[in-house]
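Below is one structure, written out as structure tokens; the observations come after it.
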Number of protein chains: 2
Amino acid sequence: MATSDPVYLRVVEDIRRQINDGTLLPGAPIPSRAQLTRKYQVGETAARHALRVLAAEGLIIGRVGSGHYVREQPELSPLHRWRFLDHPAPFAADLQSQGRRVTWDWHSEPAEAGPDIARRLRVDESVTVSRTRYVFRGDGKPLQLATSYEPIEFAAHSEDERRSLVTRMSAHGIKITEIVESVRTRVPRPTESDALDLPAGVHVLHVERTHWAGDRPVETSDIVIPGDRFQVVYSMPM
Amino acid sequence: MATSDPVYLRVVEDIRRQINDGTLLPGAPIPSRAQLTRKYQVGETAARHALRVLAAEGLIIGRVGSGHYVREQPELSPLHRWRFLDHPAPFAADLQSQGRRVTWDWHSEPAEAGPDIARRLRVDESVTVSRTRYVFRGDGKPLQLATSYEPIEFAAHSEDERRSLVTRMSAHGIKITEIVESVRTRVPRPTESDALDLPAGVHVLHVERTHWAGDRPVETSDIVIPGDRFQVVYSMPM
DNA sequence: ATCGCAAAGTTGGTACTCCAACACTCGGCG
DNA sequence: CGCCGAGTGTTGGAGTACCAACTTTGCGAT
């Protein structure tokens with residue numbers, strides 16, 4: 001029955017097995033297209049397809065002019081979402097605690113809410129909110145994108161920005177009572193691939209976070225994280 | 001500058017744009033390979049490659065003999081991780097609350113811990129632990145896989161199984177004090193693709209959960225969730 | 001009007017080919 | 001001894017072609 005399987009799958013499965021069981025260690029070269037065609041007695045199309053599938057799975061990486069290599073599986077750095085609740089940039093705090101030199105740019109501007117943000121902030125679609133975009137970098141390399149939305153009356157002025165959201169809100173007499181985050185995975189948008197310098201085939205974790213004051217949302221943000229480098233950690237005391 | 005871009009990307013971007021801005025609605029047919037070659041004046045390779053890329057992104061789906069269609073983006077159902085803490089199967093409880101008829105199979109057996117579980121349960125690699133595999137189904141279709149590991153002395157006997165972990169543990173005088181979950185995204189293993197009936201290109205969310213009693217881990221599990229159908233929601237009171 | 005079947009269209013697998021851009025190696029020249 | 005450059009190998013883009021398996025459609029027979 002396995003005889004009717006596509007030929008390229010035979011190659012994929014054989015190489016995958018060798019990577020999984022450690023026969024091929026990270027960094028090890030994969031046979032080239034030409035070598036695969038000879039070794040497995042398949043056409044170039046099959047060899048090529050096999051390599052592309054393995055690359056899409058993130059198991060190997062192709063370098064033009066050089067060859068395909070077993071991909072070094074980068075450690076998944078944990079982002080502890082609750083550990084730095086009251087911090088101007090909780091993302092950065094967690095990254096710093098891993099010993100990275102974290103820098104970030106941000107830019108704030110008014111923007112129309114639009115359907116998605118309108119729903120999340122419980123305002124009208126045409127309402128103008130304050131949108132702040134962040135780019136976080138570790139040792140110069142981009143690590144995370146975040147876009148935060150707040151009702152314009154609470155918006156941070158430049159001097160305020162160093163203070164955390166919780167502090168800023170309490171200045172308006174608003175007490176944050178709950179933070180809700182939902183995590184999903186998806187394909188990066190082209191701009192995100194660009195900004196985060198993502199290899200092909202890497203998904204992102206998209207965290208949608210909302211700060212609540214009672215039953216009223218006061219801030220919501222989208223946090224986009226390279227799925228091959230980070231995992232998101234939540235801990236809940238009983 | 002964009003003139004030197006690969007040809008197939010022109011096709012990909014044009015179709016992607018049409019899907020994003022609603023020109024092509026979910027379910028709408030994508031031009032066939034032959035039609036694309038004519039429409040965009042490209043070779044069959046480029047047309048084919050464009051379709052494969054879009055399919056890998058989950059934007060379209062190919063049906064043999066019929067054509068490619070804009071994929072119905074399934075609603076992302078939320079899984080509220082903290083809402084059903086003390087329940088035999090919190091996964092199932094959350095799914096049920098969405099009005100699904102949830103059933104599950106499980107099978108328990110002793111197994112050697114191995115390096116990963118040994119680290120997570122703080123036991124020796126060669127120690128035997130109790131491993132329970134779950135398959136959750138909603139209206140018959142597989143929704144989630146979970147594998148739970150416990151030290152063998154706490155292991156559930158069949159009658160116990162209906163009781164939650166928290167209840168079972170307290171019978172042993174153990175009080176769960178904390179639950180830690182870390183969420184990551186990755187390509188499904190072949191067995192997972194099979195068991196969850198995942199279309200090509202869909203990633204999974206992998207939740208690694210550990211129940212702690214003080215500084216001692218008493219249970220750890222891996223929960224595998226189709227990334228195209230679920231998002232995981234955490235809420236934290238301040 | 002309905003049923004069944006054949007023809008046409010479509011995907012996905014496979015093979016072969018050509019080429020540009022790039023990496024690597026090795027030998028020869030300064 | 002060191003450096004440069006040519007030759008060789010590799011990836012990734014692109015084209016063409018053939019075929020099996022499948023779906024859809026439409027026509028002809030009942």
### Query
Which word best sums up how the rings of A:W106 and A:Y134 line up, parallel for under 30°, tilted for 30 to 60°, or perpendicular for over 60°?
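Judged by the thresholds at 30° and 60°, the geometry between A:W106 and A:Y134 is tilted.
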### Query
So B:W104 and B:F136, would you call those rings parallel, tilted or perpendicular, with 30° and 60° as cut-offs?
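B:W104 vs B:F136 ring planes: tilted.
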### Message
Is B:H49 close enough to D:dA14 that one of its side-chain N or O atoms is under 4.0 Å from OP1 or OP2 there?
### Response
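No, because none of the side-chain N or O atoms of B:H49 sits under 4.0 Å from OP1 or OP2 of D:dA14.
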### Message
At less than 4.0 Å, is any side-chain N or O atom of A:Y8 found next to OP1 or OP2 of C:dT14? Yes or no.
### Response
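Result: no.
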How many whole angstroms separate atom [atom1] of [X] from atom [atom2] of [N]?
X	N	atom1	atom2	value
B:R10	D:dG13	CZ	C1'	14 Å
A:R38	D:dG9	CZ	C1'	11 Å
B:I30	C:dG12	CD1	P	13 Å
A:L9	C:dG13	CG	P	8 Å
A:R63	D:dG9	CZ	C1'	16 Å
A:Y69	C:dA23	OH	P	11 Å
A:L54	D:dT11	CG	P	13 Å
A:I61	C:dA23	CD1	P	13 Å

Using modelled atom types and a 3.5 Å cut-off, is there a donor and acceptor pairing between side-chain atoms of [X] and backbone atoms of [Y]?
X	Y	result
A:E192	A:R189	yes
B:D105	B:V135	no
A:S66	A:R63	no

Sort me out a list of protein N/O and nucleotides 15-22 of chain D N/O pairs below 3.5 Å, or just none if empty.
| unit_1 | atom_1 | unit_2 | atom_2 | d |
| --- | --- | --- | --- | --- |
| D:dG15 | OP1 | B:G43 | N | 3.0 |
| D:dG15 | OP2 | B:G43 | N | 2.7 |
| D:dG15 | N7 | B:T45 | OG1 | 2.4 |

### Query
How far does CG of A:L145 sit from OG of A:S221, to the nearest 0.5 angstrom?
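If I round to the nearest 0.5 Å, the distance is 12.5 Å.
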#### Entry: Side chain of B:S32 - closest among C:dG13, C:dT11, D:dT10
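Comparing C:dG13, C:dT11, D:dT10 against the side chain of B:S32, the answer is C:dT11.
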### Query
Mapping B:A34 and B:R52 to their closest nucleotides on DNA chain C, which lands nearer the 5' end?
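With B:A34 and B:R52 compared, the 5'-side residue is B:A34.
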